[in-house]
Number of protein chains: 2
Amino acid sequence: MTISEVSEKYGMTQDTLRYYERVGLIPIVPRKPSGVRDYDESSCGWVEFIRCMRNAGLPIETLIEYVHLCQEGPKTNEARKHLLIEERQRLVERIAAMQATLVRLNCKIEHYESMNKVADKLKKSASMIS
Amino acid sequence: MTISEVSEKYGMTQDTLRYYERVGLIPIVPRKPSGVRDYDESSCGWVEFIRCMRNAGLPIETLIEYVHLCQEGPKTNEARKHLLIEERQRLVERIAAMQATLVRLNCKIEHYESMNKVADKLKKSASMIS
DNA sequence: TATTGACTTTGAGTTAACACAAAGTAGTAA
DNA sequence: TTACTACTTTGTGTTAACTCAAAGTCAATA
């Protein structure tokens, strides 16, 4: 697959794909003899994985470390697991914080809606008088 | 309350507090005759609210707009509500994405743990032979 | 009274995460 | 053969959200 196809498929710009590769967020993508990137299944898998993790807010630095570990073979399995467990912890905390915020937003929105109702009632009473 | 007390209380730097006020993320904080900030209950409430929203990832631009609306009186109630509803929608989506990522992380971690078990079993068999 | 320390404003600097521009190359179509 | 298009690398620019520095002010304390 060409970079434009991958860009299309995963909804990321070509610049971002090259940037991710440059900084080590995904392993080096294989090239055609001409030097043009030719994404294989593995490359696409990485792109999709990193997109997912980035969407969830995992920091680039940590992901770069993970990718490095993956490229060093099975001896780094423990280290990778620890890294993932730590990130999971942080993710769980972020989700909890966001859910608390969601509850709060709901309260505020309901508050505004109840104000509307009060306003409606006032209007009704007014129209009944007039 | 002084800025240092507020900074302490909410775990934000004084610089961030001043920055938030400068860009309109919180309303202007009342001052002592000397010009020093003197946070009252309302100011503290705003600081806490904004911290919460920022932690959940709501963009500063949107929050600035919300604060502006709040300062324009009750005629902006509808607009505020709409703004909050939109942000709630985006928040719900972010939470969903993060939960999907969490599931994925769990899978990966379990994968690494099952690999450990296999390794353990191999070790055990080896020790039984020797 | 002099100094100290916490505050003030204004403006510039920093960091993460891209986004863009320039200059060059490979492959294809006319 | 020329023109065109999609790619390449290298390096610079941008944006959000702070963060720091400089120079000055005020109140309290030695």
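First the proteins, then the strands, lettered A, B, ... as listed; each starts at 1.
Atom P of nucleotide C:dA6 and atom CE of B:Met1 are separated by 17 Å, given to the nearest angstrom. Rounded to an integer number of Å, the gap from CD of A:Gln14 to C1' of D:dT9 is 14 Å. In this entry the distance linking CZ of B:Arg18 with P of C:dT9 reads 7 Å, nearest Å. In this structure, B:Ile3 places its CD1 atom 17 Å from P of D:dA27, rounding to the nearest Å. When the C1' atom of D:dT8 is taken as reference, atom CD1 of A:Ile28 falls 14 Å away, rounded to whole Å. The CG-P distance, from A:Leu17 to D:dT9, rounds to 13 Å in whole Å. In this entry the distance linking CZ of A:Arg31 with C1' of C:dT25 reads 14 Å, nearest Å. Summarising the geometry, the separation between CD on A:Glu21 and C1' on D:dT8 is reported as 11 Å, rounded to the nearest angstrom.
Among the heavy atoms of the strands lying under 4.0 Å from A:Arg37 are primed sugar atoms or P, OP1, OP2 only; no base atom is included.
Taken together through direct or relayed side-chain contacts under 4.5 Å among Ile, Leu, Val, Met, Phe, Trp and Tyr, B:Val92 and B:Leu102 form part of one hydrophobic cluster.
Within the 4.0 Å cut-off from OP1 or OP2 of D:dC7, not a single side-chain nitrogen or oxygen of A:Ser34 is found. The shortest distance between the side-chain N/O atoms of A:Ser4 and the OP1/OP2 oxygens of D:dC7 is below 4.0 Å.
Judged by a 6.0 Å distance limit and a 45° cone about the ring axis, B:Lys9 is not positioned over the six-membered ring of B:Tyr39. Geometrically, A:Lys108 engages B:Phe49 in a cation-pi contact, judged by NZ or CZ lying under 6.0 Å from the ring centre and within 45° of the ring axis.
For B:Asp15, the side-chain hydrogen bond (donor to acceptor under 3.5 Å, both in side chains) criterion is met by no residue, not counting sequence neighbours. Under the side-chain contact (heavy atoms from CB on, under 4.5 Å) criterion, B:Lys81 pairs with A:Ile109, A:Tyr112, A:Glu113, A:Asn116, B:Glu78, B:Ile85, sequence neighbours left out.
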Expected string for nucleotides 14-24 of chain C under the B/S/- scheme (protein heavy atoms, under 4.0 Å, primed atoms plus P, OP1, OP2 as sugar-phosphate) is ---BBBB----

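With hydrogens and angles ignored, the 3.5 Å screen pairs a side-chain donor or acceptor of A:Arg94 with a backbone N or O of A:Ala56. Within the 3.5 Å criterion, the main-chain N or O of A:Met1 finds a donor-acceptor partner in the side chain of A:Asp38.
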